Structures are given as structure tokens and as C-alpha cells.
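See structure below.
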Amino acid sequence: MLPQRTVVLSILSTVAWSFEMKFPPSFKFGAASSSYQIEGGWNASDKTPNIWDKFTHDNPNIIKNGDNGDVACDSYNLWERDIEMASELGLQFYRFSISWTRLLPNGYPNCVSENGIRYYDNLINGLLEKGIEPIVTIYHWELPQRFQDLGGWTNSLVSDWLADYARVVFSLYSDRVKTWITVNEPSILCDFAYNTGLMAPGITDPEHAVYLCTKNTLIAHAKAWRIYDREFKPRFHGRVSVSHHIVWFEGKDEELTELVHEYSNARFTHPIYTEVGGWPRMFEKYMAEKSRNQGYTKSRLPEFTEEEIELCKGTYDFFGLNFYVARLVRLAKPGEQLGPFPIGDIPELDVKLEVSPDWGQTKSLIRSVYPESIRHMLNWIKENCGDVDILVTENGYGTSTTGLDDHFRVQYYRDYMEQVLLAIKEDGVNVIGYTAWTLMDNFEWSEGYTVKYGLYEVNFTSPQRTRTPRASAHFYKTVIANRSLPP
Ligand code: LGS
């Protein structure tokens, strides 16, 4: 038995600690997924192929093991189990996405699938019955293939295609869904799909397509946001934003680091969250000069008209942050080999990206484990995007290790959430919630099923796609129940 004094001291320190480590009462905890990564049912009912269906079927060599999302976690059939898991964890919200061609088989708003409507109705209603708020991502990278055949995100018409689709989604579900994400990670969407070609549709055009995509995703988001703002917000009082994938950069050369921030992050945030709008200035100037030196008459970065600048400005009700990556920045040495963007380096800026030996390292694409970086990032948003409500819409740890004892993921969640808490308590950043990526192992894009992020392990060899909670699921459940972190 412990001496009485020790017991009293230990109780006191636990009380003091849990008080300090307590999240504010309004703070919400959730988990996320996306349709292509979990649903399967790729050709069920009247659904037509999207770009990921075609990309995986045509390019098994790009995806690890030639995997695809044809069946994935089979959430098309197992959605009730997904709700049960969300409920077991005590989630306050579940962020999932809608598959465009499951809802609109020909992509256009004039033909809505009854089965598609029903599938998402069931999911939304099932969550609400368990007291879990549905947060819906309208576009998590699954463009109807027929639109890709017309140029996809490089065709400026895409903003109207997305806006029309968004209006259908808002009309169907706004009575029950109050938080919306228009586009998931425009930066990863454009930089991977149109620059490096690692994601569907696999286009490798770092000079032009990537910037057309950048502009078009911003306009598409802005049109969808304005549709909600004008036609739905007065009745349903919800909130709409983007989920931005933002990378934390550090470097000795401050000006270069700022340019890298503008190129990677502010290219997508500056047009939306600043009062002046348009492209971040240093990056805009850099592109104009570089393009001139390359012999182009015009900058490779497409211009915004005054009207477009106004269209995009202020189109947010909160800031959605997907956060995973930190990098050190330095100028490449003459003749130094640069890795492909954005996994390795940034050839457009002649910049080398590295992971500091002071940070934790992983073998995954993300490479860095640096919990303080999320706090830096939250402060960067506050300083650069205004004192806005921030919802962490994704954060998590991917590994090729299987098994239920994922103590490294428990540590990761604990340490990153601690930094979120410090940003709230010490720095006064308005972080309103945290979303774990992800509820269960799923199809991790070009990594196929080899990289696992799940709170629940999924057995992909069993036809039942059995889901089993990992140590991290038990941990997250306790955090949510106590609304506080362990030491
Ligand atoms: O599965 C995705 C998760 C996992 O890791 C999810 O669908 C995406 O929204 C999100 O992008 N996710 C993710 N991101 C890590 C991105 C690594 C990019 C490396 C860039 C290095 C500079």
C-alpha cells in the first residue's frame, strides 16, 4: 500500500493535470473517411465510373500491389457497422464524403440516383439517431470520368459542374447536415494529380495544368460556397469551408521559407482568407519573372479577373485544416538532383525539402513526426488568415505495420492533440474541433492497402471486411469521454 501522503499527492496532481489538459466544453472530437477510400460498390446500382475507378483499373503499376477501391471496406454495404464504430468511440461528429457519380450518375444535376440518395440518407439519419453530427465533404477527389474526358480540373467549366452538384447535395441534406467541406485538399488534388501524376487522373504537367487546376478549384469552391450562402444558409444556418492540406515549413533563409509557404499553402488560402485576395504577392511576382525568363509572354500562373478575386474573397465560415507534414527548406545546390514535388522537393522554386534530425521520422510519405508543428501551423493560420474558427478536419499517423497494438499511433495522437490544446490555451487560437484520420484502414490512394491509418483495423482478406478496434481506438474513446489528455 502506498503511504497516505503519496496517495493524496498523486490524486492532487492528477486533478491538476487533467484540469490543465482539459479541452474547452465547446470543442468537438470526430473522425473522418472518404467515399472512394471506403465504400467499394464501384459499379453498384446506377453508379458510373469516376476518375479513381478508371485510374486504378488502367494503371495498376502506379498503385501499390495494383490495388483499387472496387470493394475497399465495403462501406456501401457495411455503413451500419461504421455508424456503430463511430458510436463506440463516442464521436461527436463523423466526416465522410459523397461519391459524385453515386448520386449523379451522369455527373449533371438533371439525373439524381434514387439509390444514391437513399445510401447517404441512411448514413446521415443513422448517425443522427446516435447523436453524431454528420460533416459532409462534397468533393474528395472523385470527378466523374466523363468530365475528365473534357479536361477535368483544367477546364474552367469544372467550377459550374461542381457548383451544380453541390446545389443538389445542399438541397437533399441541408435540413440535417450543418457543416460542409466543398473540396478536400485542393493542393494535394492539383499537385499530385496534375503535377506529379501520382493520383488520378495521373497528369504530369508541372508547368501549366497544375496552375489551371489551382485556379479552377478555388473558383469551384467559391461558387459552391456562394450557392449555400445565398440559397440555403438563411433557412438552414450551416457553415461551409474547404479542407486545406497545409505543410509546416522552417528554414534559415526567411525569404525563401516565406516563398515556399506562399507556393505550397497560401496559393490556396490567400485568395479566400485575405482582404486583398488574389494570389500571394511574392509567389505571383516570382512566377511572372520566371515565366518571362523562360520565354513566355504571360505568367504561367493564370490571372484572376477583378470579378474572380471578389468571387473568392471571404468564402469561408471556418478554416478546415488537414495537417500531417513538416519540412526544412533550403535552396538546392548547383547541379543538385531534386526529387519530385511534393513528396520530395519543389523543382518550381529550386528548393530542397528535408526532415530535421531533431524531429521524429517515419518511413511513410509524410516522413516527419513533429507535434509542435501543428501548433505553429495553427498560429500561422491565425496570423495569415484572420482570427478564424479552425476545425482540424484531418490528422493522423500512417504506417505499414499491422496489428492492434498501435502504441506509436496512441503517442502520436496524444502529442499532436496536446499541441492543439496548447494553441488554444496559451496562444488563444480558436480551434473548435479535432478529426482523427481515420475511422478505419482504407484504400490509401497510391499506397493502396499497404499504409494503414485506422483507429479500427480492417481485415481486407475477409469477405466481411471485419473491423477491430486498435489500442488507438480505445485511447481516443477515453480522451473523448474525459475531454482531456493523459500525461
Ligand atoms: O487518405 C488521405 C490522408 C492520409 O494522409 C486523405 O484522403 C487525404 O485527405 C489526406 O491527404 N491524407 C494524407 N495526407 C498526407 C499527405 C502527404 C503529402 C506529402 C507532401 C510532402 C511535402
Side-chain angles (χ1 to χ4, degrees), residues 31-39 52 63-64 67 69 72-73 95-97 99 135 137-142 181-193 195-196 198-200 217 242-251 257 260-261 263-265 267-268 320-329 338-349 351-356 359 361-370 373-374 377 392-400 409 412 416 435-455 458:
S33 69
S34 92
S35 37
Y36 186 77
Q37 292 179 276
I38 65 164
E39 281 178 8
W52 273 94
I63 314 290
K64 292 259 172 69
D67 289 337
C73 307
R95 175 183 170 226
F96 63 92
S97 76
S99 160
I135 294 190
T137 309
I138 295 170
Y139 186 79
H140 202 123
W141 306 351
E142 293 168 70
I181 301 296
T182 54
V183 180
N184 181 65
E185 300 183 346
S187 66
I188 296 287
L189 188 171
C190 296
D191 294 342
F192 273 88
N195 182 332
T196 59
L198 265 179
M199 288 194 167
T217 50
V242 189
S243 281
H244 293 281
H245 178 276
I246 309 264
V247 177
W248 173 249
F249 294 107
E250 285 180 14
T257 308
V260 170
H261 257 297
Y263 171 76
S264 297
N265 300 327
R267 174 162 38 118
F268 297 90
L321 171 67
N322 288 5
F323 189 76
Y324 296 92
V325 182
R327 290 288 185 271
L328 288 181
V329 169
L338 289 182
F341 177 78
I343 303 166
D345 304 315
I346 309 184
E348 184 75 275
L349 308 181
V351 156
K352 196 87 192 141
L353 296 180
E354 290 165 328
V355 175
S356 164
W359 308 340
Q361 310 219 4
T362 71
K363 288 197 190 106
S364 76
L365 272 187
I366 290 166
R367 282 164 55 200
S368 52
V369 180
Y370 178 26
S373 61
I374 195 168
M377 207 67 258
V392 177
T393 39
E394 280 183 34
N395 178 232
Y397 186 92
T399 167
S400 52
R409 187 173 287 111
Y412 179 98
Y416 276 70
T435 314
W437 181 271
T438 176
L439 183 60
M440 64 192 135
D441 295 342
N442 58 42
F443 176 78
E444 275 299 336
W445 310 114
S446 57
E447 309 279 9
Y449 296 98
T450 61
V451 173
K452 292 152 195 318
Y453 279 84
L455 292 165
V458 176

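Fair warning: this is a prediction, and the values are worked out from it, not measured in the lab. Counting starts at 1 for both ligands and their atoms, following the listed order. Below, each value reflects all heavy atoms present in this structure, side chains not excepted, and no hydrogens, waters or symmetry copies.
Partner of Trp445 under the ring pair (Phe, Tyr, Trp, His ring centres under 6.0 Å) criterion, chosen from Trp141, Tyr453, Phe192: Trp141.
In this view, Trp248 and His261, His376 satisfy the ring-ring contact (aromatic ring centres under 6.0 Å, His included) rule, not counting sequence neighbours. Checked against side chain to side chain contact (heavy atoms under 4.5 Å, CB included), Gln361 has the following partners two or more places apart in sequence or in another chain: Val355.
Annotation: Trp141 places no N or O atom under 3.5 Å from an N or O atom of ligand 1; distance criterion only. Looking at ligand 1, you won't find any N or O of Arg327 less than 3.5 Å from one of its N or O atoms. For the pair Ser34 and ligand 1, the shortest N or O to N or O distance does not fall below 3.5 Å. Checked against a 3.5 angstrom limit, the closest N/O atoms of His245 and ligand 1 fall outside it.
Counting the atoms of ligand 1 from 1 in the order shown, those under 4.0 Å from a heavy atom of Trp437 are 1 (O), 2 (C), 3 (C), 4 (C), 6 (C), 7 (O). Of all the atoms in ligand 1, the ones that sit under 4.0 Å from a non-hydrogen atom of Glu185 are 8 (C), 9 (O), 10 (C), 11 (O).
Residue contacts with ligand 1, taken as heavy atom pairs separated by less than 4.0 Å, do not involve Asn442 at all. Looking at Ile366 against ligand 1, only its side chain comes within 4.0 Å, counting heavy atoms.
The option from Tyr324, Phe443, Trp445, Tyr36 that lies nearest to atom 14 (N) of ligand 1, judged by heavy atoms, is Tyr324.
Within the model, atoms CD1 of Ile63 and CZ of Phe443 stand 4.5 Å from one another, a figure rounded to the nearest 0.5 Å.
With no hydrogens or angles considered, a side-chain donor-acceptor pair links Ser35 and Ser97 at under 3.5 Å. Checking Ser99 against Glu39 by side-chain atom types alone, no donor-acceptor pair falls below 3.5 Å.
At least one heavy atom of His140 sits less than 4.0 Å from an atom of ligand 1.
Looking at Arg95 and Glu394, a side-chain N of the basic residue comes within less than 4.0 Å of a carboxylate O on the acidic one, giving a salt bridge.
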